[in-house]
Amino acid sequence: MLNSEKIANEFYQNLGKLFYAVAMADHNVRPKEVERLRKYVRQYWLEVDKFEDEFHTDAAYQIEIVFDWLDDEEKDGEEYFKEFKEFYMEHHEKFPETIKELIVETAESIASSFAGKNRSEMLTIFKLKQLFNH
């Protein structure tokens with residue numbers, strides 16, 4: 001799937017951007033959404049591949065690192081969805097069906113972790129599904 005550490009790190013960093021965009025769709029990242037993200041990283045994303053970052057940590061932790069960094073910046077998530085979309089368009093071959101399914105599942109889980117999915121989060125997930133079916 002991922003053929004280099006550089007692409008693996010970019011892949012996970014862009015997932016961090018995407019998941020932040022989902023959580024921030026309603027202009028508020030809640031602790032429950034962050035908890036759910038961490039749970040998914042540990043339960044599912046660490047198993048995806050064996051790539052490590054430059055600190056010899058599983059590259060999947062880049063998802064959390066980028067998400068936390070963006071959360072500290074408190075910027076609008078729409079820009080980060082666009083960045084994820086650009087990465088996906090450029091590297092769509094790195095996204096087999098199983099990975100797309102896990103991405104959507106993670107996004108939906110984050111969105112529903114606090115009082116169910118709201119309209120703006122559902123719209124972001126709809127755009128994600130459209131992107132993957134393009």
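Quick note: residue numbers are just sequence positions, from 1.
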>> Using salt bridge (Lys or Arg N to Asp or Glu O under 4.0 Å), reason through R36 and E108 one step at a time and then give a plain yes or no.
In response: CA-CA 10 Å; R36 188 63 55 92; E108 288 182 333; over 6 Å; no
>> Evaluate Y12 against V66 for side-chain contact (heavy atoms from CB on, under 4.5 Å), listing each step before the verdict.
In response: CA-CA 9 Å; Y12 290 117; V66 169; over 6 Å; no
> Would T106 and Y44 satisfy side-chain contact (heavy atoms from CB on, under 4.5 Å), going step by step from the backbone distance to the final call?
Replying inline: CA-CA 9 Å; T106 305; Y44 304 105; 5.7 Å; no
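Checking side-chain atoms of E33 against main-chain N and O of R30 turns up a donor-acceptor pair under 3.5 Å. In terms of modelled atom types and a separation under 3.5 Å, the side chain of N14 and the main chain of E10 share a donor-acceptor contact. No side-chain donor-acceptor contact under 3.5 Å links S109 to the backbone of E105.
Rounding to the nearest 0.5 Å places CD of Q13 at 10.5 Å from CH2 of W69. In this structure, CG on D26 lies 13.0 Å from CZ on R119, to the nearest 0.5 angstrom.
The minimum heavy-atom distance linking A107 with I125 is given by the pair O-CD1, 3.7 Å. Between E121 and A23, the shortest heavy-atom distance links the atoms OE2-O, 4.0 Å. Residues A21 and G77 approach most closely at CB-O, 3.2 Å, considering heavy atoms.
Remark: K94 fails to qualify as a cation-pi partner of F11 under the 6.0 Å distance and 45° angle criteria applied to the six-membered ring.
A salt bridge does not link K17 with E86: none of the charged nitrogens is closer than 4.0 Å to a carboxylate oxygen.
You'll find the side chain of I63 stays beyond 4.5 Å of the side chain of Y40, heavy atoms only. With a 4.5 Å cut-off on side-chain heavy atoms, V48 and L102 count as touching. Residues Y80 and V22 are not in side-chain contact: their nearest non-hydrogen atoms beyond the backbone lie 4.5 Å or more apart.
Within a 6.0 Å sphere centred on NZ of K85, heavy atoms belonging to other residues, nucleotides or ligands number 12 at most.
Between F132 and F95, the ring-plane angle classifies as tilted under the 30° and 60° cut-offs. Between F67 and Y20, the ring planes lie perpendicular to each other; the angle is over 60°, past the 30° to 60° tilted range.
Results of the side-chain contact (heavy atoms from CB on, under 4.5 Å) test with F87 over E90, E83, H91 single out H91 as the only residue that passes.
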